[in-house]
Amino acid sequence: MTETTAAAPLELFEPTDEHDRRIAHEASGVLGQLNSACLLTAADLHVARTLGRVAGGIEETSTDAALVAAALATRAVRTGSVAVDLDLLDPALRALDPAPDLPWTDAADWTRQLQDSSLVRQGALVVEHGLVYLQRYHHQEVQVAHDLVARAAQPPPELDTGLLETGLARVFPQGWEEQREAARVATASWTSVITGGPGTGKTSTVAGVLALLAEQSGTHPAGHPLRVGLAAPTGKAAARMQEAVAEALEDILARTTDPASRAAIEPLREVTAVTLHRLLGYRPGSSTRFRHDRDHRLPHDVVLIDETSMVSLTHMARLLEALRPTTRLILVGDPDQLVSIDAGAVLADLVAGDTADVGDSAAARSVTVARLRTSHRFGQEIGALAEALRVGDADAVVDALRSGPAGDGQVTWVEDPDPTAYLRPLLTRHALGVYRAAQAGQSGKALDLLGAHRLLCAHREGPWGVRTWNRAVEGWLTEESGDGLYDPMYVGRPLLVTANDYATGVFNGDTGVVVATLREDGRTGRVAVVRGSEGDQVFGTSRLGDVETMHAMTVHKAQGSQADEITVLLPPEESPLLTRELFYTAVTRARTRVRVVGSETAVRAAVGRRVQRASGLRQRLAEVTDGPSGTGSAVEG
C-alpha cells in the first residue's frame with residue numbers, strides 16, 4: 001500500500017506577468033510577503049483588510065495575526081476548504097522560501113493571539129477545534145450539523161413492513177442483494193446516503209427505493225402520488241440520472257404485475273431530474289439564496305440528490321433548510337471522487353469512518369449510510385485500475401496500467417514524455433467525425449460522437465491544460481478539413497456550457513455542437529444544439545453566452561458524466577492538482593476504454609496524494625449528536 005501524502009498544503013498561483021491583478025504591489029508586512037510568495041492574492045488581502053477595518057480599525061500595514069488569519073481563511077474558501085487548520089498551516093508557512101516574518105511563535109501562540117483579537121471578539125472570525133472560519137462558513141457548518149441531527153431525532157418513518165419486504169424481493173431479484181439491503185436502509189431513514197464506486201448500482205438502487213416508497217404512499221389513508229424531487233449539481237449529471245432512473249423504473253414495472261403497485265409506481269415516469277439550483281428555485285441576483293428556504297419549504301415527500309460529492313457546504317445548508325422535516329432525503333455519490341469546486345467536502349464528511357457494508361447501519365450518527373461494493377459496469381481491466389486507485393495501492397495501479405494488452409485493450413498507458421504523436425491522430429479523428437456530422441446537419445450523430453470520447457486534463461492553462469489542447473486540436477482540424485475556423489462559433493465546434501442559464505434552460509455541464517442548417521430560402525445557417533436534462537435543444541448561436549470549446553475539458557467539468565472512451569492527461573508530479581481523487585474520477589468516467597497519458601512518477605505521485613480540505617463537520621456531527629456544546633447557531637446570520 002502506498003504511503004499517502006497530503007496534497008501540497010500551500011498551492012501557489014503563477015503570475016501571468018508583472019501586471020497580474022492577483023499581485024498587490026503596495027502590500028506590506030506579512031500580508032505583502034505572502035502575496036509576493038504567490039500564496040495570497042490581492043483579493044484575499046482586500047477581504048482581510050475590510051474585515052479588519054469593520055471589526056476593529058486594524059491598520060492595513062499591520063502584521064496583526066488575526067488579519068493574516070482572515071486573509072488565509074479567505075484563501076481557504078477560495079481553494080475549497082471551509083476553514084484554516086492552524087496546526088497544519090503554521091509549519092507550511094515557515095517552509096516558504098523566503099520564510100515570512102510571522103508575528104507568532106507557533107500554532108498555539110497564533111491561536112492565543114486570535115482569541116484576543118477584535119476580529120474574533122466581533123465574530124468576523126470564529127476559532128474552534130483548531131480551525132479558523134470566516135463567520136459565514138462556520139454558521140453554515142453548524143446549521144448543517146444541527147439540521148441533520150434534528151431530522152434524525154424524529155420518530156422513524158411509518159412503513160408497512162409486509163408490503164416493503166414483498167416489494168424488496170420483487171424490485172431487487174437474486175444477484176442484487178447489496179442493493180436490496182441498501183434500499184431497506186434508505187426507506188427506513190429520514191436522511192440516508194447510498195454510496196459506492198461507479199457501476200455498483202447506486203442509481204438502480206434509488207429507483208427501487210422510489211418505487212417502494214410509491215407503493216407505501218399508495219396504501220396511506222390520505223394517499224397521493226409520491227412527490228419526488230430529483231436533482232444533481234450539474235445539468236449533465238441530472239440528464240444522466242434521468243436516463244438511468246427511467247431505465248431502472250421500466251425494469252421494475254416489467255416485474256410488477258399487481259395493478260395497485262403499478263398504479264403507484266407509474267407516475268414516477270413523469271418525474272424530471274433538474275439541477276440543484278433549479279430544484280431550490282433560482283433567485284435573480286443571488287447564487288447562494290433561493291426561493292425555497294425555511295419559510296417556503298419544498299413540497300416533496302422524497303428528495304434525491306445524485307453526485308453529492310460535488311455539492312458544496314453552502315448548497316447543502318440551503319437544501320436542508322428547504323426540506324420539510326418529514327421529507328426523506330437520499331444522498332447518492334462516491335466519496336472517493338473529486339469534491340465540490342466550492343468550499344466543503346460534505347459527502348466525504350458524512351461517510352467518514354464508515355467501513356461497514358450495506359446492511360450494517362453506520363456513519364455520522366445522524367445519517368444512515370449504505371455502502372455498495374460490487375461494480376457491474378467495468379470490464380476486468382478498468383475495474384482493477386479503479387479499485388487500485390480507490391484503495392491507494394500505487395503498485396497495483398502500475399500493474400493494472402501495464403497489464404493491459406497493447407492496442408485495443410480496455411486500459412492503455414502512454415508514458416511518452418511528448419504524447420503529441422500518439423494523441424494527434426486519435427484527437428483529430430474524433431474532432432473530424434464531429435465536424436463532418438455537424439457540417440451535414442446531423443445534430444444527433446454529432447452529439448453522439450462528441451459523447452463517445454473525452455480528453456480530460458487537470459489544468460486549464462499550460463502545456464498540460466485544456467486551452468493548449470483545444471488550440472492544438474483546432475489546428476489539426478484546420479489542416480485536415482481546410483476550414484480556417486475563423487468564426488468563434490464555427491460549424492462543428494463542440495461546446496461546454498459553463499454556467500446555469502435559466503432564460504434558455506441550459507445548465508452548467510451541458511454539452512453541445514454548432515450544426516449547419518438549410519433554410520427554406522435555400523441559404524445555409526447554423527444553430528447550437530445542446531444536450532442536457534431537457535433533451536436536445538436548438539438555439540441561435542448568439543443565445544448562448546457562457547460556453548467553451550470542448551475538444552478537451554477539465555476532470556472537474558467531466559464529473560457527473562460518462563463517455564465510452566476516456567483519455568486522461570496527467571500533469572507532471574509537482575502539480576498540486578495531481579491527486580488520487582482527480583485520477584480516480586477521470587478513470588471512472590470511462591464505460592469501455594481508458595487511456596492514461598503520464599509518467600510512472602506522475603502516476604505514483606497521484607496515488608500517494610489525497611485532497612485535504614479543512615472542515616469541522618465530522619467532529620461537529622459527533623458532538624451535536626452526543627449533546628450540543630453550546631457553540632454556534634443553527635441559523636446563518
Side-chain angles (χ1 to χ4, degrees), residues 69-70 72-74 76-77 79-89 107 111 114-115 119-120 123-154 189-193 195 288 294 305 308-323 325 329 331 333 335 339-340 342-356 361-369 610-637:
L72 290 167
T74 303
V77 170
T79 55
S81 288
V82 173
V84 170
D85 187 325
L86 298 184
D87 287 332
L88 290 177
L89 189 59
T111 301
L114 287 174
Q115 296 286 12
L119 280 170
V120 173
L125 295 180
V126 178
V127 182
E128 194 172 86
H129 305 315
L131 302 176
V132 179
Y133 299 80
L134 297 176
Q135 181 193 56
R136 172 184 176 184
Y137 293 92
H138 178 264
H139 282 180
Q140 288 177 0
E141 190 175 275
V142 170
Q143 175 198 320
V144 166
H146 276 265
D147 283 348
L148 288 172
V149 172
R151 289 174 58 81
Q154 301 176 110
S189 307
W190 292 119
T191 308
S192 58
V193 174
T195 182
T288 60
R294 291 193 193 278
I305 308 298
T308 308
S309 63
M310 300 166 65
V311 177
S312 68
L313 176 67
T314 296
H315 288 123
M316 184 59 69
R318 298 294 166 259
L319 173 64
L320 288 169
E321 71 182 13
L323 295 178
L329 174 62
L331 304 173
V339 293
S340 165
D342 297 321
V346 178
L347 181 65
D349 285 338
L350 293 181
V351 303
D354 172 32
T355 58
S361 59
R365 303 183 185 182
S366 56
V367 177
T368 302
V369 174
R610 301 298 305 270
V611 171
Q612 289 196 344
R613 290 195 166 184
S615 165
L617 183 58
R618 303 179 190 187
Q619 183 174 353
R620 197 176 303 282
L621 280 169
E623 288 185 352
V624 175
T625 304
D626 292 337
S629 62
T631 60
S633 168
V635 181
E636 180 182 343

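Remember, predicted model here, so these are calculated numbers, not experimental data. For this chain, numbers begin at 1 and follow the sequence in order.
For the residue pair Gln135 and Val126, the shortest heavy atom distance occurs at CA-CG2, 4.3 Å. Across all non-hydrogen atoms, the minimal contact from Ala76 to Ala83 is CB-O, 3.5 Å. Of all heavy-atom pairs spanning Leu119 and Ala70, the tightest one is CD1-CB, 4.2 Å. Ser309 approaches Leu347 most closely through the heavy-atom pair N-CD2, 3.6 Å. In plain terms, the two heavy atoms of Val351 and Val193 that are nearest each other are CG1-CG1, 3.9 Å. Here the closest non-hydrogen pair linking Leu114 and Val120 is O-CG2, 3.1 Å.
A distance of 6.0 Å separates OG1 in Thr308 from CE in Met316, rounded to the nearest 0.5 Å. Here CZ of Arg294 is found 10.0 Å from CG of Leu323. Values are rounded to the nearest 0.5 Å. Rounded to the nearest 0.5 Å, atoms CG (Leu329) and CG (Leu319) are 5.5 Å apart. The distance from atom OG1 of Thr314 to atom OH of Tyr137, rounded to the nearest 0.5 Å, is 4.5 Å. Considering CD of Gln115 and CG of Leu125, their distance stands at 10.5 Å, rounded to 0.5 Å. How far CD of Gln143 is from NE2 of His138: 12.5 Å, rounded to the nearest 0.5 Å.
No donor-acceptor pair under 3.5 Å is formed between the side chain of Glu141 and the backbone N or O of Val82.
Inter-residue side-chain proximity for Val311 and Val346 is flagged as unmet; no heavy-atom pair is nearer than 4.5 Å. Contact annotation: the side chain of Arg151 approaches that of Leu320 to within less than 4.5 Å [non-hydrogen atoms, C-beta and beyond]. Taking 4.5 Å as the limit, every side-chain heavy atom of Leu350 sits out of range of all side-chain heavy atoms of Val369.
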